[in-house]
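Since the structure comes first, as C-alpha cells, the remarks are kept for the end.
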2 protein chains.
Amino acid sequence: MDDHNSGRRLKRAELSKVTGCHLETIRYYEKTGMMPDPRRSKTGYRLYDETHVSRLRFILRARDLGFSIEDIRGLLTLIDGQLQTCSEVKQRTESHLADVRTKIDDLKRIEQVLAETAAQCSGKDVPECPVLEALFHV
Amino acid sequence: MDDHNSGRRLKRAELSKVTGCHLETIRYYEKTGMMPDPRRSKTGYRLYDETHVSRLRFILRARDLGFSIEDIRGLLTLIDGQLQTCSEVKQRTESHLADVRTKIDDLKRIEQVLAETAAQCSGKDVPECPVLEALFHV
DNA sequence: GATACAGTCTGTAGCTGCTACAGATTAAAG
DNA sequence: CTTTAATCTGTAGCAGCTACAGACTGTATC
C-alpha cells in the first residue's frame, strides 16, 4: 500500500507462516541480534521484507543441519561484515561435520549396547532383567 | 564412628567423587525426586550409603545411554514399586533404541548434506560459497 | 582454646533456546 | 460501531542442570 518500489511487507504472523518459524521465536531472534530489527509501521507493527525471509530461512536451515546457534551467529557475522570466504565457511562446515560424525559414532555405540543388552532379555514377566542389571552393576 | 552395623556413610562430596556426578546435581536429583532424601547427621549433613551410590550410578548410566530423564524416572518408579518385569523393561529399552536409531538416521542425513555441500566448495578466498548458497536458497 | 580454612547447608539465580501469557493497543470484518 | 483477530511490550516458564551468597560445621594447626 505505502511501499512505492520494493515488494510487499510481511507482518510477523506472515513471516512465521512462510518460514515455518514460531511466531515468538522471531521476536527472540531479534532480541538476541540474529535477526535485524525490522522496519515498523506508524503504529509500531513489524514489517518484514524479503531480506528477512532469506535470513530467517538461513537460520532455520542451518539449525536443521545441526549448526549451533553460536555457529550460526558466527556465519551471520561473517556475512554481515561481508567477510565471508568459501575457505572460511568450508572450514567451519567441516568442523561441524566432524562434530556430527562424532555424535553419530557416540549414538552407534549406544545403539550397540542397548541392542546387545535387550537381546539378553527373556522378555518374560520376571523381575530380573539384564538391562537393569547392566545399569546397576556396570 | 556412630554406625554400628552398616558400612560407612558418604558425604555429598564423596558421593560426587565416587560416582562422577556433579555435586550440585546430586542435590538437584533429590529435589526432583529421582534420588531419595538421605539420612542426615545431627548437624544436618547428608549421609549416603551404598543404595544411594547404586541408584545414582543407575541414573548416570541410563543418561549415558541416552535415556531421557522421563524414561529414567519411569524405570525408577517401576523399581521402587517392585513392579519391574523384564518384559516391560525390554519394551522400554527397545522403544528407546528405536529413538536412538532414528536419531542416527537423522544425523546421517545431515552428514550427507554437509559433506556433499562442503565438497562443492572451492575452499578459496572468494566470497561465493556453495554452503552459504545452500543455506540461503534451499 | 583460638584461629583459619575447607566443607556443607539453604535458597535462589543463572544458563540456552525457546515458548507462553497478561494487559494494552490496533487492524480487520461484519 | 461493535466484535474479533492480530500485534505490541515485558516478563515468566520450561528442562536439566550449574553456580553463588551467606550462614553454619568440621578439622587442622598453633
Side-chain angles (χ1 to χ4, degrees), chain A residues 1-3 8-35 37-49 52 55-76 96 99 103, chain B residues 1-3 8-35 37-49 52 55-76 96 99 103:
Chain A
M1 297 292 186
D2 67 89
D3 49 343
R8 86 182 218 68
R9 304 270 172 172
L10 305 176
K11 294 211 209 99
R12 190 148 58 104
E14 294 170 311
L15 179 60
S16 168
K17 202 163 196 177
V18 302
T19 59
C21 183
H22 192 287
L23 191 68
E24 295 283 28
T25 303
I26 295 171
R27 199 158 63 104
Y28 172 72
Y29 285 156
E30 286 166 15
K31 196 172 56 185
T32 57
M34 304 186 66
M35 288 290 289
D37 286 345
R39 266 188 53 193
R40 299 288 183 132
S41 74
K42 282 177 188 166
T43 50
Y45 280 33
R46 288 168 177 81
L47 297 175
Y48 301 99
D49 60 28
H52 296 98
R55 193 183 179 96
L56 186 49
R57 282 195 176 133
F58 180 96
I59 294 169
L60 297 174
R61 280 188 202 119
R63 214 80 193 89
D64 283 347
L65 287 177
F67 280 98
S68 71
I69 291 291
E70 207 186 327
D71 288 341
I72 299 173
R73 298 179 82 96
L75 291 173
L76 290 171
H96 172 50
D99 290 348
K103 192 107 206 214
Chain B
M1 293 299 182
D2 69 86
D3 51 342
R8 85 181 218 70
R9 303 272 173 170
L10 305 176
K11 293 212 209 97
R12 191 148 58 103
E14 293 171 309
L15 179 60
S16 168
K17 201 162 197 177
V18 301
T19 58
C21 183
H22 191 286
L23 190 69
E24 294 282 27
T25 303
I26 295 171
R27 201 158 63 104
Y28 172 72
Y29 284 157
E30 285 166 13
K31 195 172 58 184
T32 57
M34 303 186 67
M35 289 289 290
D37 286 346
R39 266 186 54 192
R40 299 288 184 131
S41 74
K42 282 176 187 166
T43 50
Y45 281 31
R46 288 168 177 81
L47 297 175
Y48 300 98
D49 60 29
H52 296 98
R55 192 184 180 95
L56 186 49
R57 282 194 176 136
F58 180 97
I59 294 170
L60 297 174
R61 280 187 202 121
R63 212 83 191 88
D64 282 347
L65 287 176
F67 281 98
S68 72
I69 291 290
E70 208 186 327
D71 288 341
I72 299 173
R73 298 180 83 95
L75 291 174
L76 291 171
H96 172 50
D99 290 347
K103 193 108 207 210

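Everything quoted here is computed from the prediction, not taken from an experiment. Naming convention: chains lettered A, B, ... in sequence-line order (proteins, then strands); numbering from 1 in each chain.
Sequence order on DNA chain D of the closest nucleotides to B:Lys42 and A:Tyr48 puts A:Tyr48 first from the 5' end. Nucleotides of DNA chain D nearest to A:Ala13 and B:Ser41 differ in position, and the one nearer the 5' end is that of A:Ala13. Between A:Tyr28 and A:Thr43, the residue anchored nearer the 5' end of DNA chain C, judged by the nucleotide with its closest heavy atom, is A:Tyr28. Position along DNA chain C of the nearest nucleotide to A:His22 versus B:Glu24 favours B:Glu24 as the more 5'-ward residue.
Phosphate contact (OP1/OP2 of C:dT10, side-chain N/O of B:Arg46, threshold under 4.0 Å): present. When the side-chain nitrogen and oxygen atoms of A:Arg12 are compared with OP1 and OP2 of D:dC8, one or more of them lie within a distance under 4.0 Å.
Judged by atom type and distance alone, B:Tyr45 reaches the base of C:dG7 through a side-chain donor-acceptor pair under 3.5 Å. At a cut-off of 3.5 angstrom, counting only N and O atoms as typed in the model, there is no donor on one side facing an acceptor on the other between the side-chain of B:Arg63 and the base of D:dG16.
A:Leu47 places its CG atom 13 Å from the C1' atom of C:dA27, with the value rounded to the nearest Å. The distance between atom CG of A:Asp71 and atom C1' of C:dG17, rounded to the nearest whole Å, is 15 Å. The separation between B:Ile69 atom CD1 and D:dC17 atom C1' is 9 Å, rounded to whole Å. For the pair A:Leu56 CG and C:dG17 P, the computed distance is 16 Å after rounding to whole Å. In this structure, B:Glu30 places its CD atom 16 Å from C1' of D:dT18, rounding to the nearest Å. Residue A:Arg40 contributes atom CZ, which lies 14 Å from atom C1' of C:dT26 at whole-angstrom precision. Here C:dT16 presents its P atom at 10 Å from CZ of A:Arg73, a figure rounded to the nearest Å. Rounded to an integer number of Å, the gap from B:Ile72 CD1 to D:dG16 P is 9 Å.
Under the 3.5 Å distance criterion, with hydrogens and angles disregarded, no donor-acceptor pair is assigned to the side chains of A:His96 and A:Asp99.
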Would you sort out whether B:Glu14 and B:Arg9 count as a salt bridge (Lys or Arg N to Asp or Glu O under 4.0 Å), showing the intermediate values?
-> CA-CA 9 Å; B:Glu14 293 171 309; B:Arg9 303 272 173 170; over 6 Å; no
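Among the atoms of the strands shown, base atoms are found under 4.0 Å from some heavy atom of A:Arg27.
A:Ser16 and A:Leu23 get closest at one heavy-atom pair: OG-N, 3.6 Å.
Side chains of A:Arg55 and A:His52 form no contact here, defined as non-hydrogen atoms less than 4.5 Å apart.
At least one donor-acceptor pair under 3.5 Å links the side chain of A:Ser68 to the backbone N or O of A:Asp71.
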